[in-house]
Every structure is written in structure tokens, then in C-alpha cells.
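Some notes on the structure that comes next.
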Amino acid sequence: MPELPEVEITVRGLAQVLEGRRIERVELRRADLRRAFPADLGQRLTGARVTGLGRRAKYGLIHTDRADTLVFHLGMSGTWRIDPDEIGLHDHLLLETDGGHRLSLNDPRRFGSVDLLRTEEMDDWPTFKAIGPEPLGGEITGSWLHDRFAGRTAAVKLLLLDQRIVAGLGNIYVCEALFRARIDPRKAAARVSRAKLAALAAAIPVVLQDAIAAGGSSLRDFVQPDGGLGYFSAQYDVYGREGQPCRACGGCVRRIVQGGRSTFFCGTCQR
DNA sequence: CACGATACCTGTAAGC
DNA sequence: TGCTTACAGGTATCGT
């Protein structure tokens with residue numbers, strides 16, 4: 001996915017064309033993504049005015065003046081497209097605004113989701129209640145991680161992907177944050193030193209902010225709402241760099257599989 | 001409960 | 001060229 005930085009960039013792009021605008025037309029081009037679209041989505045959204053955009057973890061939020069909030073998740077392959085030239089097989093939800101723009105939620109793999117919540121009840125939504133704090137919110141410190149990791153034998157990399165612990169990190173930024181903190185991703189979470197956890201807590205928001213500043217990452221099917229591409233992928237230290245030299249020590253970046261997913265790290269720097 | 005494996009779905013690239 | 005396989009940013013669910 002779109003991990004947290006890509007969702008943040010998406011939300012900022014959507015705000016440019018949605019903020020203050022009335023949604024004049026809603027078109028559902030299929031009944032579901034991962035789950036069914038809300039049955040009354042079109043009815044509740046049509047004619048509503050967008051009062052603001054937001055983000056919680058990897059979920060994008062579109063608030064309306066009808067006290068509803070559309071919550072979208074981009075899954076692995078979702079993107080919002082603004083004024084696409086053509087509407088294709090994977091454009092599943094279309095919104096047309098009084099500003100003359102047409103937005104399309106495009107998601108080939110359909111791992112994404114769309115929900116419509118009452119804004120005042122949003123914090124009580126089970127999905128939001130179950131996930132951990134925002135990594136950019138300043139709550140994640142070394143000692144906080146130490147507490148959460150106490151007694152945990154799973155690899156630190158796998159726990160960082162658990163949205164109940166830290167919400168918003170995905171495979172790329174976990175690999176990058178662990179590199180910056182010089183932590184071996186295979187290490188049992190409870191056995192990572194306090195000093196390393198402090199470095200990790202510091203690295204997480206920095207790597208995310210760096211990615212946001214670069215405009216999000218560009219993997220093969222991620223395009224920003226304005227059609228531009230992000231360039232952070234060129235700055236990756238380890239992700240996708242198997243066999244290439246470590247930028248810090250010149251050693252060889254390795255790829256291993258953890259939890260069925262690729263982990264990239266430097267076996268020399270990360271201990 | 002913690003943990004690992006699997007399923008969901010499509011597109012792309014690599015290997016034969 | 002065509003077929004098969006592996007892999008891709010995530011998350012829910014199911015065994016053990």
C-alpha cells in the first residue's frame with residue numbers, strides 16, 4: 001500500500017479538489033472491494049459538501065457537512081485518480097464535484113475498503129479502537145516500545161507491522177526504520193536493547209516525514225492524486241536493494257522472508 | 001494469548 | 001512466443 005506517507009500524500013492531493021466542494025454525483029461501479037460498499041453510500045454522499053480531509057494510520061478520511069465521514073483504505077494497490085482520461089475495469093468508485101472534477105478510486109487487487117461512519121462515532125469504530133497510536137503523534141518513545149515488546153518473542157520486524165502496536169507502518173518503512181536504528185529485523189522484540197529502541201522510536205517519524213517530504217514512494221502502481229510521482233524510493237537504504245551495497249558500510253544488502261514477506265537489511269550494520 | 005500460515009485478487013516480471 | 005512461477009505496499013482469519 002500505500003503505507004502512511006502515501007496515504008498522507010493522497011489525502012493532501014484530494015484536499016486540493018475536494019475541500020469545500022459539493023459532491024454532485026456518486027457512481028459505484030461494483031458492489032464491493034474487500035467488503036461490500038455501504039449500501040447507502042450514494043444516497044448519503046450525493047449532495048453533501050466536503051468539510052475537510054484527514055488521515056488515521058493508513059486510512060484516509062473525507063468529512064462531510066452531513067456529519068458523515070467516508071473512510072477509505074487503499075489496500076495494496078489502491079489509488080485515487082483525479083480526472084483520469086479513461087474509466088477502466090479497476091475504477092470502482094467515482095465522485096464528481098461542483099468544481100468540475102471527477103475522482104476515481106482505482107484498486108486492481110481490491111484489498112482496499114470504503115466505509116461511511118457518523119463522524120462523532122468515528123473514534124468508537126472497532127477498527128480504529130483496535131489500532132495503536134499514530135507514529136507521527138509523538139507518543140512512541142523507546143520506553144513505550146520497550147513496554148509493548150516486553151515478553152514478546154516474535155521478530156521485532158513482525159511486531160512493527162502489527163497495526164495494534166504502531167498504526168501506519170508497512171513493509172517498506174519498517175525495513176527502513178530498522179536500518180536507521182541499526183536493529184537486526186530477526187531479533188526477538190523483547191531482546192532489543194533500550195538504546196536501540198530509543199533509536200527506533202526516533203527513526204520512525206523521521207523516515208515517515210522524509211517520505212512525505214519526497215512525495216511518497218513510487219512503486220509500480222502508485223501515482224499521486226495530481227498525477228505526479230514521488231521520489232522517495234530512490235532514497236531507500238535497504239528496501240528493494242538486495243545484493244546492492246549498504247550505503248553505510250558497503251556490505252551487501254540481504255533479503256530474507258519473515259511472515260511470508262520480504263525483509264531487506266544489512267547483516268553487518270544491523271545487529 | 002501469541003504466533004505462524006493462509007487466504008483474498010490482479011498485474012507484472014522472470015524463468016523455462 | 002507462450003506457459004508457469006514468484007512476488008508485490010495489507011489485513012482478517014484460522015490453526016497450533
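Lettering of chains follows the sequences in order, A, B, ..., and the numbering in each one begins at 1.
Partners of A:F72 under the ring-ring contact (aromatic ring centres under 6.0 Å, His included) rule, at least two apart in sequence or in another chain, are A:W80. In this view, A:F265 satisfies the ring-ring contact (aromatic ring centres under 6.0 Å, His included) rule with no residue, not counting sequence neighbours.
For B:dC9, the OP1/OP2 oxygens have no side-chain nitrogen or oxygen of A:H90 closer than 4.0 Å. In this structure, A:Q163 does not reach the C:dG10 phosphate: none of its side-chain N or O atoms is under 4.0 Å from OP1 or OP2. When the side-chain nitrogen and oxygen atoms of A:H73 are compared with OP1 and OP2 of C:dG10, none of them lie within a distance under 4.0 Å. Distances shown here put every side-chain N or O of A:R109 at or beyond 4.0 Å from the OP1 or OP2 atom of C:dA8.
A:S113 places no side-chain N or O within 3.5 Å of a backbone atom of A:R35 that could act as its donor or acceptor partner. Looking only at distances, a side-chain donor or acceptor of A:T119 sits under 3.5 Å from a matching main-chain atom of A:D68. Using a distance-only test at 3.5 Å, with no hydrogens or angles considered, a donor-acceptor pair links the side chain of A:R66 to the main chain of A:R44. Side chain of A:R49 to main chain of A:G20: a donor-acceptor pair is present (N/O by atom type, distance under 3.5 Å, no hydrogens or angles). At distances below 3.5 Å, at least one donor-acceptor pair connects side-chain atoms of A:D91 with backbone N or O atoms of A:G88. Using modelled atom types, one side-chain atom of A:E3 and one backbone atom of A:Y173 make a donor-acceptor pair closer than 3.5 Å. A:E176 contributes no side-chain N or O that, together with a main-chain N or O of A:I204, makes up a donor-acceptor pair within less than 3.5 Å.
We find that CD of A:E6 is positioned 16 Å from P of C:dA8, with the value rounded to whole Å. In this structure, CZ of A:F111 is placed 12 Å from P of B:dA7, rounded to the nearest angstrom. Atom pair A:L74:CG and B:dT10:P shows a separation of 18 Å (rounding to whole Å applied). Between A:D107 atom CG and B:dT10 atom C1' the separation is 10 Å, expressed in whole Å. The CG-P distance, from A:L89 to B:dG11, rounds to 7 Å in whole Å.
A:L161 comes within 4.0 angstrom of no nucleic acid atom, judged by non-hydrogen atoms across all strands. At a threshold of 4.0 angstrom between heavy atoms, the contacts of A:R35 with the nucleic acid are absent.
Residues in residues 14-58 of chain A take part in no ring-ring contact (aromatic ring centres under 6.0 Å, His included) pair, two or more places apart or across chains.
Contact check of residues 256-267 of chain A against DNA chain C (heavy atom, cut-off under 4.0 Å) returns A:R261, A:S262.
Minimum interatomic distance between A:G132 and A:A167 (heavy atoms only, all atoms of both residues): O-CB, 3.4 Å.
Remark: DNA chain C forms stems of 3 or more consecutive Watson-Crick or G-U wobble pairs, all pair distances under 3.5 Å, at B:2-8 with C:10-16, B:10-16 with C:2-8.
For A:L158 and A:R30, each mapped to the nucleotide of DNA chain B holding its nearest heavy atom, the one lying further toward the 5' end belongs to A:L158.
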Using atom names, set out every protein N or O paired with an N or O of nucleotides 1-3 of chain B below 3.5 Å, distance rounded to 0.1 Å.
unit_1 : atom_1 : unit_2 : atom_2 : d
B:dC3  : OP1    : A:T153 : N      : 2.6
B:dC3  : OP1    : A:T153 : OG1    : 2.7
B:dC3  : OP1    : A:A154 : N      : 3.1
B:dC3  : OP2    : A:R152 : NE     : 2.4
B:dC3  : OP2    : A:R152 : NH2    : 2.5

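Across C:dC3 and B:dC9, the matching P atoms stand 24 Å from one another, rounded to whole Å.
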